[in-house]
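The structure under discussion appears below in the form of structure tokens.
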Amino acid sequence: MGHFAKMNGLHLKHSDVEDIYSVNHGLADKAVAEGKSAHEIKLYRDRSIRAFLLFLVCCTIFSNKSSYYVDVVYLQYFQDLSAVREWNWGAAALVHLQHYLDDACLVTVNQMAGYMSLLQGWIISHFPGLSVWAQDPIYSEGMPRNAKFVPGAGHREPSSYRNSLDNIQTYDCVFSPYDDHRHVRPLINSCWFSGWLRCGNLKAKHLPERVLRQFKHVQGIPRKPDLSATPGMSLCEIDRVFMEELDLRMIAEEMRGQAVVSAWDHEPGYMTWFYKVSHPVMRPVQAPASPPRPPNLEVLIEAAEARNDPNMLQVCRGVRDEVERSLREGEAVEGTPVHGTLRRILNLLNPVLTCRRLKRGRGRRYNTRE
């Protein structure tokens, strides 16, 4: 207890965990050499294994903002070493990471914790042009996908990342980067669970209906988060729901929507909703200039092209040409109401087309694909 008092909590230094591992590993080898009982040998080996596993998880999925100690509370997961593989380590990593991501959104916080390798691998997979990285030469498809990347130094100034995010286009994002890895790690049905996940005293929302593009489905306007993850649920209730109502909490087929054909596919009205509830532009305090082509404009233009929407300028030109032809060929007798209507339509169209032609002549069209 005196040691924990010095550490201001239930923590152990990395060096302390290393000593526990080394001492017990040595005692196990000594017990084997001296012919001690199997129970005594197993006791020393189990202690060294627990020390190793504690160090492993506290440096990966349960990493904190310190670089020199581990949290002893996670020893509870290694009491029964035969059950270690039965723990849902993926959900634990997600909950722990989301907890620190939520914390990092506060303006007073300037550090991150959690499974940073997982977060960085996710970013590189979905936005390969955003960071400096290389593929590990020893990587094979049988290995975890995160082992594929060897991150580089990257950029030191956050402004470069902000500018890149402000100007990101549809073709810069890989929405579903794991398709060629599904033969190694298939998509399990429990990934469609929508509700609360928990790890220890931490809990986080898991809402796949809000990221359907990662599952190769057309994204629609999702339901409110409170309908999936009821506010105020206790940890015991979260456990009960996950164990007893897992099938009932799955995202139904009709909510998943249609399969994606084009990268910009989305349900009607989704983009309007998205720009009402989101903050799609990350500008520095003193932005040098507006993005040449905002991402929302890029998406809307590509969506219109995909739907083969008519070009309004061409439509106006067609109407003008048809009105001029009708007047020129005398289809409407001068002095009649129809002739006057056609003249008024022509007077409305000519200034619009003339103004558009002058703007195109003076302006510069940005090409973000260069």
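For this chain, numbers begin at 1 and follow the sequence in order.
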Residue pair Ser228 / Arg223, side-chain donor-acceptor N/O under 3.5 Å: yes
Looking at Ile20 and Asn24, what are the two nearest heavy atoms and their distance? O-ND2, 2.8 Å
Taking only residues two or more places apart in sequence, or in another chain, which ones meet Arg182 in a salt bridge (Lys or Arg N to Asp or Glu O under 4.0 Å)? none
Can you tell if the side chain of Val57 reaches within under 4.5 Å of the side chain of Phe78, non-hydrogen atoms only? yes
What closest approach, in Å, do Leu207 and Ser194 show between heavy atoms, and which atom pair accounts for it? CD2-OG, 3.7 Å
Looking only at atom types and distance, does a side-chain atom of Arg47 sit under 3.5 Å from a main-chain N or O of Tyr21, one as donor and one as acceptor? no
Could you report the tightest heavy-atom contact between Ser125 and Pro177, atom names first, then the distance? O-CB, 3.5 Å
Please answer: with hydrophobic residues joined when any side-chain heavy atoms are less than 4.5 Å apart, are Trp87 and Phe55 in the same cluster? yes
Can any side-chain N or O of Ser22 pair as donor or acceptor with the backbone N or O of Asp19 at less than 3.5 Å? no
Go through the steps to decide whether Phe127 and Asp172 satisfy the test side chain to side chain contact (heavy atoms under 4.5 Å, CB included), and finish with yes or no. CA-CA 6 Å; Phe127 307 98; Asp172 295 323; 5.9 Å; no
dist Leu27:CG -> Leu43:CG (nearest 0.5 Å) comes out at 9.5 Å
Answer yes or no: is there a side-chain heavy-atom contact under 4.5 Å between His266 and Phe274? no
Is the backbone N or O of Ile138 less than 3.5 Å from a side-chain atom of Asp136, with the two atoms forming a donor-acceptor pair by type? yes
Going by an N to O cut-off under 4.0 Å, is there a salt bridge joining Lys216 and Asp179? yes
Would you indicate whether the side-chain heavy atoms of Pro128 and Trp133 approach each other to under 4.5 Å? yes
Does a salt bridge link Asp103 with Lys65, judged by any charged N lying under 4.0 Å from a carboxylate O? yes
With sequence neighbours left out, what residues match Phe175 under ring pair (Phe, Tyr, Trp, His ring centres under 6.0 Å)? none
Taking the side chain as C-beta and beyond, is there a heavy-atom pair between Glu244 and Val241 under 4.5 Å? no
Within a radius of less than 6.0 Å around CD of Glu34, do more than 12 heavy atoms belonging to other residues, nucleotides or ligands occur? yes
Is there side-chain contact between Pro222 and Glu209, with heavy atoms separated by less than 4.5 Å? yes
Under the 3.5 angstrom rule, does the side chain of Asn347 hit a backbone N or O of Arg343 as a donor-acceptor pair? yes
Do the side chains of Lys36 and Glu40 get close enough for a salt bridge, i.e. N-O under 4.0 angstrom? no
Any chance CZ of Arg185 has more than 12 other-residue heavy atoms, nucleotides or ligands included, within less than 6.0 Å? no
Drop me the distance from Arg50's CZ to Leu75's CG, to the nearest 0.5 angstrom. 8.0 Å
Looking at Arg198 and Asp239, is any side-chain nitrogen of the basic one under 4.0 Å from a carboxylate oxygen of the acidic one? yes
If every non-hydrogen atom of His206 is compared with every non-hydrogen atom of Pro208, which pair is closest and at what distance? O-CD, 3.4 Å
Backbone of Met233 reached by a side-chain donor or acceptor of Trp196 within 3.5 Å: no
Inter-residue atom distance Asp46.CG - Ile41.CD1, 0.5 Å rounding: 11.5 Å
Met112 CE to Leu101 CG distance, which is reported to the nearest 0.5 Å: 4.0 Å
Specify the closest pair of heavy atoms between Arg213 and Ser262, including all atoms of both residues, with the distance to one decimal. NH2-O, 4.5 Å
Check whether Trp89 and Leu118 end up in the same hydrophobic cluster, where Ile, Leu, Val, Met, Phe, Trp and Tyr are linked by side-chain heavy atoms less than 4.5 Å apart. yes
So Leu53 and Tyr74, side chain to side chain contact (heavy atoms under 4.5 Å, CB included) or not? Walk me through it. CA-CA 10 Å; Leu53 292 176; Tyr74 298 117; over 6 Å; no
Kindly indicate, with the supporting measurements, whether the criterion side chain to side chain contact (heavy atoms under 4.5 Å, CB included) is fulfilled by Arg145 and Asp180. CA-CA 10 Å; Arg145 189 56 181 266; Asp180 59 351; 3.1 Å; yes
Say whether His217 and Gln258, considering side chains only, have a donor N or O and an acceptor N or O under 3.5 Å apart. no
Presence of salt bridge, Glu245 and Arg249, under 4.0 angstrom: yes
Are Leu212 and Leu94 co-members of a hydrophobic cluster defined by side-chain heavy atoms under 4.5 Å apart? no
Are the side chain of Asn146 and the backbone N or O of Ser117 linked by a donor-acceptor pair below 3.5 Å? yes
Derivation of the side chain to side chain contact (heavy atoms under 4.5 Å, CB included) call for Val84 and Tyr77: CA-CA 7 Å; Val84 171; Tyr77 301 121; over 6 Å; no
Val218 reachable from Val174 in the ILVMFWY side-chain graph, under 4.5 Å edges: no
First locate atom CD1 of Ile221, then atom NZ of Lys276, and finally report the distance between them rounded to the nearest 0.5 Å. 9.0 Å
Parallel, tilted or perpendicular: which one describes the rings of His183 and His181, with boundaries at 30° and 60°? perpendicular
Between the side chain of Asp321 and the main-chain N/O of Gly318, is any donor-acceptor distance below 3.5 Å? no
Evaluate the side-chain proximity of Ile61 to His96: yes if any heavy-atom separation is below 4.5 Å, no if none is. no
Are any side-chain N or O atoms of Ser326 and backbone N or O atoms of Glu322, one a donor and one an acceptor, separated by less than 3.5 Å? no
Can you tell me how far the OH atom of Tyr100 sits from the SG atom of Cys105, to the nearest 0.5 Å? 14.5 Å
Report the residues that fulfil ring pair (Phe, Tyr, Trp, His ring centres under 6.0 Å) with Phe193, sequence neighbours left out, ordered by chain and then residue number. Phe242
Side chains of Met143 and Ser140, heavy atoms from C-beta outward: is any pair under 4.5 Å? yes
Between Val109 and Ala104 the two heavy atoms that sit nearest each other are CG1-CA, 4.0 Å
Would a single hydrophobic cluster contain both Phe149 and Tyr178, if residues Ile, Leu, Val, Met, Phe, Trp and Tyr are joined by side-chain heavy-atom contacts under 4.5 Å? no
Please tell me if the side chains of Asp226 and Thr230 come closer than 4.5 Å, counting only heavy atoms from C-beta onward. no
Salt-bridge contact Glu331-Arg325 (side-chain N to carboxylate O under 4.0 Å): yes
Polar contact flag, side-chain donor to acceptor under 3.5 angstrom, Arg45-Ser48: no
